[in-house]
Structure formats: structure tokens, C-alpha cells
Amino acid sequence: MASVLYQSIETLSRDKGIEPAVVVGAVEDAIALATRKYYKTQENMRAEMDRETGEIRAYVFKTVVETPDQVEDDVNQMTLEQARELAPEVEVGGELRFYKDTTPLGRIAAQMAKQVIFQKVREAERDTVFNEYNHRAGEVLNATVKRLEPMDVIFDLGKAEARMPKREQSRLEQFAVGERVRVVLLRVDRAAKGPQVIVSRAAPGLVQNLFQSEVPEIYDGTVSIKAIAREAGERTKIAVMSRDKDVDPVGACVGMKGMRVQSIIRELRGEKIDIIEYSEEITTFAEKALQPAKVSRVSITDLADKQIEVIVDDTQLSLAIGKKGQNVRLAAKLLQWKIDIKSEEEKRQEVESQMQAMSGGPTTPIEQVSELGEAILEKLIAAGITTVEALADMTPEQLEEVPGIGEKTVEKISVAVRHYFGQYEEGEERPAPAISAASETEVSELLEEGSMEKTPEEILAAEAGVGTAHEVNNLSTEDIADTEEAESASDAFSDNDAREEQIELDNDTVDTLVDEAQENSDEGIDDGNDRG
């Protein structure tokens, strides 16, 4: 009959799920260590427990060597000659044991033995848990909430405790002690001090298991789950495909009046679920993955890097992206492709810019901005800004990085560019067209000549060379018509053209003088700002 001590060891082994031999070995190691500490010796010591009586004896073991020259440790080795005096049948390499009395062991030694036993049992328990759960990663387990910690939730799995960190929890869920829930086993952390089994309620595997439980078509393999993308507590997208053409995969998962999917949503505390029909064609799959947004077109931009471009209507862009980018992010996880989503307007502008770049685009010399002074132009050109288009595309921060350009100069450049493109704010005066001195002189000459006071007959007489207006009356109708035609042709193609050409030359002269005066003024202001 086994002793009371051994019976206690067997009970402990059953509770902890470990072998009794492991506990017995822990007890023997503890007694050996306590005995060595008590006698303050470095001898090799082992303990043996008698299962029948429960008595534990400690022994010192010494190894036998052949000659005294081979003795390296006087405490734990002895020569063959010395050993045969005690045991004639012993051979080299054998061991002799010597009994060590454990009766004098006191309370301190017993406490030390107790600590060693507990440590050995814990290590054995952890090894048992590791061997039990390490190969079951990804499996869904039934667990009971054991206790709630500030950040973690501790579950009882029956044979071990499991820990669910904060990052593996859904923000919609709150637990109560004693509540039974389903969790996904993530991994077994052998180095952890506390519970080493890590479980999750945020893993996509939980949703997959719930669908397998609720949808018979998934359980029997008629409908298969091809991909799952999940953000726990927010939304899940699941792609399904039917092996039977007569079975609608989406309808099977939704169930009559949505009963099946609603049951899963209740289990997940109200998390939204999008069920999508899987397609081998990536463009078609992408259109469905971005639901509820309506996609205009999908094109593959980089097959090697798995990148696609999705174009949606301007009104559908925010819906396609989703709240904080959630919809497009989940779609990208579901497809395992990178998604670049654009509106129709953005795509149109991109195509226009590409066409403009291919054609070289308009380039206007920066000197055409008349309101910029020579000093500012020199600074901009020195910085490599030589066109009006490049200057217009620059931000105030980029302009301030140009050497010699300050905040006030940036403001002046902005106004000058705006005026160049004909954009004037309310209250700003538009430049009036200049009147040249030549045009004023010509008007005065015309008035002095009195040509405005001549009658038509006198003008015709002068042009026809007949002398007086009275003689004009004697001209025939054909002569008068010829004279008027010659006069109009002369005015249209000679005098008027010469007069307008002269006016344009004079206007250019005035504009040049105004520009030079403005540049001198700007240069003086800029120099003052630089000195300031």
C-alpha cells in the first residue's frame, strides 16, 4: 500500500495534469538540495523516496578512478584501492554511495525543500501546458472568464489558464466573471511568467469558425470561405465561393431574412459584416470588395507589385474610402493587392497633366511679369525659377527658402503673379490703357486743319482735283463713285494704317518708360527690405 505522502503526490499530479514521477523527482531533488545546504558540502548528493513507507533518504555518491593521479576532485572521487576496501566488486567508473542522515534537517531546510518542490511542479506544469496547446494554434476554444485585469482578461480553459491582451480584444465587448465565450488560440508563450496561452477575440479565425457553425453549406464544403479581412469591433469583409452553381454563396451565408448572419453579428456584439462573392478575376473581385461604393472601372497598374487603380464617381469617393479609410483598407487586405483609388475628376486632371508634360507644356519667361522688379527677378532666376508657370506653382514656404526672399517679398510676388493672370481682388485698380503723346498730337493737328468743318462736296472736290465744290455738281455719278472709292481705300489702307502703327509704337514707348520707373521703385523697396 502506498504511503500517505505518495497518495498526496498522486492527487497533486491529477490536479495539475502532470505525471506523478515528475512530482516524486521534484521532492527527491528538494531533499537532496536541503541536505547539501545543511551539511554545507559540495558532495554529489541524491535522495530516494520509498513509495511504501514514504521515507526519503539522502545519499552521497563518489565516482571510482584507477590511480591517485587521476583524482581531480577529492570530495566526489576516490581511488580504486580505497573503493575496494568498502566494496570489493566495484570497478573503475563505478559509484559508491554513502548514507547521509536527514534527521537533523530543521525548519529552514524544510522550507527550502518546499520552494524547490513548488518550482519543479510549476516547470512541469508549464511543460505540460505547452505540449497540450502548442500544436493547436488557430483553433477555437470554449473558455470561461476567470478574472478581469486592468488590461487583460484571464480565461479558464479547463487544463490551463489563458490570457487575452488588450490588442486582441474587440472594443465592443465587455466581459463578466463566469461568462462563457469562444476564443481563438493564437500561440503558447513559453517565456511568460503568468498564463502562457494567448487567446484572441479579434482574430479573423473567430469569424470563420462562427460561419462554419451557423452555415451548413460552409460546414459540408459546398460553400468555401476564400478570404477574410477584419478590424475587430468595426467591420469584417468575408469573400465566399460556391462549389455548386445552384447554390448562392452570399445568400447561404445571409440566411432567410438574415437570420444566419444576424446570429453571428450578435455573437460579435454588433460588428458589421460584408459578405462578398469571390471572383478569380481581380478587377471583378475589387469592384465587389469595395461595396457598398459603386466602382466605375478597375485597371491593373503593376502586376508584379500587385497594384491596381480604381476609379469611382466623384460622389462615390468618400463612400469607397470609408470612415478613416476603413473600407478601402479592408478591401486591400481582402484582395492582398495595393489599391490606388481616385475620383473621375482626379483622374481627368492627372491625364491632362500627363498630356501637358508630354507636349512640353506652356512656358512663359518670368520676365513677362511686369510688376516684379529687376532685383526680385535676379534672385528668382538665380534660384532656377525661370518661368511664370513654375513661379505660380510654388508655395509661400518654398519661396521663402529662396535666398534674399522674405515674407513681404513673397506677398509682393503673389500679388504680381495674380495680376499677371488677370485676377484682381475687390478694391484693386486695374491698369488703364495708356494714351500716347503721338495720338494726342494727331487729334490736335486734325482740329487745326479744320478738316472736321469741311463739307462732303469740298472734300470730294479736293480729292478729285476739280477745284471747287460748284464744279463737283458737274461730275457724273460714275466719277463721284470712283472718287469716293479711292478715298475710302486710301483711308483704310494707308493713312489709317500708318496712324495706328504710330500709335502702337508710341504706346510701347510709354509702357517701357512706366516699366523702368516701376522696376527702379521696386528695386529701391527691396534694397530697403534687405537692409531692414
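Just so you know, residue 1 is the first one in the sequence shown, and it goes up from there. Note that this is a predicted model, so its numbers are computed, not measured. Computed from heavy atoms alone, side chains included, the values below leave out hydrogens, waters and symmetry copies.
For K342, the NZ atom is densely surrounded, since the number of other residues' heavy atoms within 6.0 Å is greater than 12. More than 12 heavy atoms of other residues, nucleotides or ligands sit less than 6.0 Å from atom CD of E123.
Of the candidates V197, I198, V140, V199, V183 forms a side chain to side chain contact (heavy atoms under 4.5 Å, CB included) with just one, namely V199. For the side chain to side chain contact (heavy atoms under 4.5 Å, CB included) with E287, the qualifying choice from V298, I276, V310, I282 is V298, the only one to do so. When R163, K146, M164 are each tested for a side chain to side chain contact (heavy atoms under 4.5 Å, CB included) with F155, only one passes: M164.
R260 places a side-chain N or O within 3.5 Å of a backbone atom of A252 that can act as its donor or acceptor partner. Of the possible polar contacts, one joining the S343 side chain to the E346 backbone as a donor-acceptor pair under 3.5 Å is found. For the pair Q169 (side chain) and M151 (backbone), a donor-acceptor distance under 3.5 Å is present.
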Review item, side-chain donor-acceptor pairs of residues 326-336, under 3.5 Å, at least two apart:
residue	atom	partner	partner atom	Å
Q326	NE2	E231	OE1	3.4
N327	OD1	K237	NZ	3.0
N327	ND2	L290	O	3.2
N327	ND2	A320	O	2.9
R329	NE	E231	OE2	2.6
R329	NH1	K324	O	3.0
R329	NH1	G325	O	3.3
R329	NH2	E231	OE1	3.4
R329	NH2	E231	OE2	3.2
Q336	NE2	K333	O	2.7

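Seen from the ring of Y59, R46 does not count as a face-on cation partner, given the 6.0 Å and 45° thresholds.
Taking S318 as the reference, nothing meets the side-chain contact (heavy atoms from CB on, under 4.5 Å) condition, with sequence neighbours excluded. Remark: T315 engages D313 in a side-chain hydrogen bond (donor to acceptor under 3.5 Å, both in side chains) (not counting sequence neighbours). For Q262, the side-chain hydrogen bond (donor to acceptor under 3.5 Å, both in side chains) test picks out no residue, with sequence neighbours left out. Under the side-chain hydrogen bond (donor to acceptor under 3.5 Å, both in side chains) criterion, K159 pairs with no residue at all, not counting sequence neighbours. Contacts of S263 classified as side-chain hydrogen bond (donor to acceptor under 3.5 Å, both in side chains), with partners at least two apart in sequence or in another chain: E214.
In this model, a donor atom of one side chain and an acceptor atom of the other lie less than 3.5 Å apart for E345 and Q349. Between R180 and T144, the side chains place a donor N or O and an acceptor N or O closer than 3.5 Å (distance only, hydrogens not considered). Donor-acceptor pairing under 3.5 Å is recorded for the side chains of T222 and D220.
Under the ring pair (Phe, Tyr, Trp, His ring centres under 6.0 Å) criterion, the residue pairs touching residues 255-301 are Y278-F285, with sequence neighbours excluded. Within the structure, ring pair (Phe, Tyr, Trp, His ring centres under 6.0 Å) pairs that include any residue of residues 251-270 do not occur (at least two apart or interchain). Sorted pairs that involve residues 252-271 and meet ring pair (Phe, Tyr, Trp, His ring centres under 6.0 Å), not counting sequence neighbours, are lacking altogether. Applying the salt bridge (Lys or Arg N to Asp or Glu O under 4.0 Å) definition to pairs two or more places apart or across chains, those involving residues 291-302 are R297-E344. Identified under the ring pair (Phe, Tyr, Trp, His ring centres under 6.0 Å) test for residues 197-241, with sequence neighbours left out: none. Sorted by first and then second residue, the pairs that involve residues 29-45 and meet salt bridge (Lys or Arg N to Asp or Glu O under 4.0 Å), not counting sequence neighbours, are E43-K100.
Here I31 contributes atom CD1 and E28 contributes atom CD; the two are 9.5 Å apart, rounded to the nearest 0.5 Å. Atom CD1 of residue I225 and atom SG of residue C253 lie 6.5 Å apart, to the nearest 0.5 angstrom. Note that CD1 of I154 and CG of L148 are 9.0 Å apart. Values are rounded to the nearest 0.5 Å.
Between R147 and E161 there is a salt bridge, since a side-chain N of the basic residue sits under 4.0 Å from a carboxylate O of the acidic one.
Using a 4.5 Å heavy-atom cutoff, the side chains of K379 and I405 are in contact.
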